[in-house]
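Fair warning: this is a prediction, and the values are worked out from it, not measured in the lab.
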Amino acid sequence: MNEFLVVLTTAGTKEEAERIGKTLVKESLAACINVIFPLTSIFSWEGRIEQAEEALLLMKTKRTLYEKLETRLKQLHSYQTPEVIALPVIFGSPEYLKWVSEICR
C-alpha cells in the first residue's frame, strides 16, 4: 500500500484548479483529481494573517511519480509558493488501487 499517495494543493480559482487537474490526469501523473470549491483558507503570509477563497485539489497517484507531479504542478500553478503535501495511502480498495496503478505510468 505504501506505493500510493494522495497529494493536496490549493488554487486561487475553480477554473485554475480544473485546468491543473485536467493537465495532470491527461499526462498520467494522477489517476483522479477531486476539486473541492469553495473552501476558505486562513494562513500566515509575509507577516500577515490572510483569508482567501480557494479550491482544493486531492490528487491520487503513485509514490514513484511524486517528483514529476510536484515539478509539473509548480509549472502550472499561479502561486509563488503553492501548497504541495503528499499523504501516504495506508489502506485502500485493491480494485481502486489497481486502477490507479494502471493509469499512473
Can you give me every donor-acceptor pair (side chain of residues 34-41, partner residue at least two apart or in another chain, under 3.5 Å) with its distance?
from  : atom 1 : to    : atom 2 : distance (Å)
Asn34 : OD1    : Lys60 : NZ     : 2.1
Ser41 : OG     : Glu54 : OE1    : 2.4

The reported gap from SG in Cys104 to CH2 in Trp99 (rounded to nearest 0.5 angstrom) is 8.0 Å
Would a distance-only check, ignoring hydrogens and angles, find a side-chain to backbone donor-acceptor pair under 3.5 Å from Thr61 to Leu29? yes
With Val84 as reference, evaluate Val7, Thr10, Leu8 under the side chain to side chain contact (heavy atoms under 4.5 Å, CB included) test and give the passing residue. Val7
With Gln80 via side-chain contact (heavy atoms from CB on, under 4.5 Å) - residues at least two apart: Trp45
How long is the straight-line distance from NZ of Lys74 back to OG1 of Thr81, given to the nearest 0.5 Å? 8.5 Å
Ala30 and Leu69: which non-hydrogen atoms are nearest, and at how many Å? CB-CD1, 4.3 Å
Nearest 0.5 Å, please: how far is CD1 in Ile90 from CZ in Phe4? 12.5 Å
Leu73 side, atom CG; Leu57 side, atom CG - distance, nearest 0.5 Å: 8.0 Å
Determine whether Tyr79 and Ile85 fall in the same hydrophobic cluster, where Ile, Leu, Val, Met, Phe, Trp and Tyr are linked whenever their side-chain heavy atoms lie under 4.5 Å apart. no
Residue list, salt bridge (charged side-chain N to carboxylate O under 4.0 Å, His left out) with Glu16, at least two apart or on another chain: Arg19
Locate the shortest heavy-atom distance separating Thr9 from Pro82; write the atom from each residue and the value. OG1-CB, 4.4 Å
Between CG on residue Leu24 and NZ on residue Lys68, distance to nearest 0.5 Å: 13.0 Å
Can you confirm whether Glu50 is buried at CD, in the sense that more than 12 heavy atoms of other residues, nucleotides or ligands lie under 6.0 Å from that atom? yes
Going from CD1 on Ile20 to NE2 on His77, what distance comes out if it is rounded to the nearest 0.5 angstrom? 4.5 Å
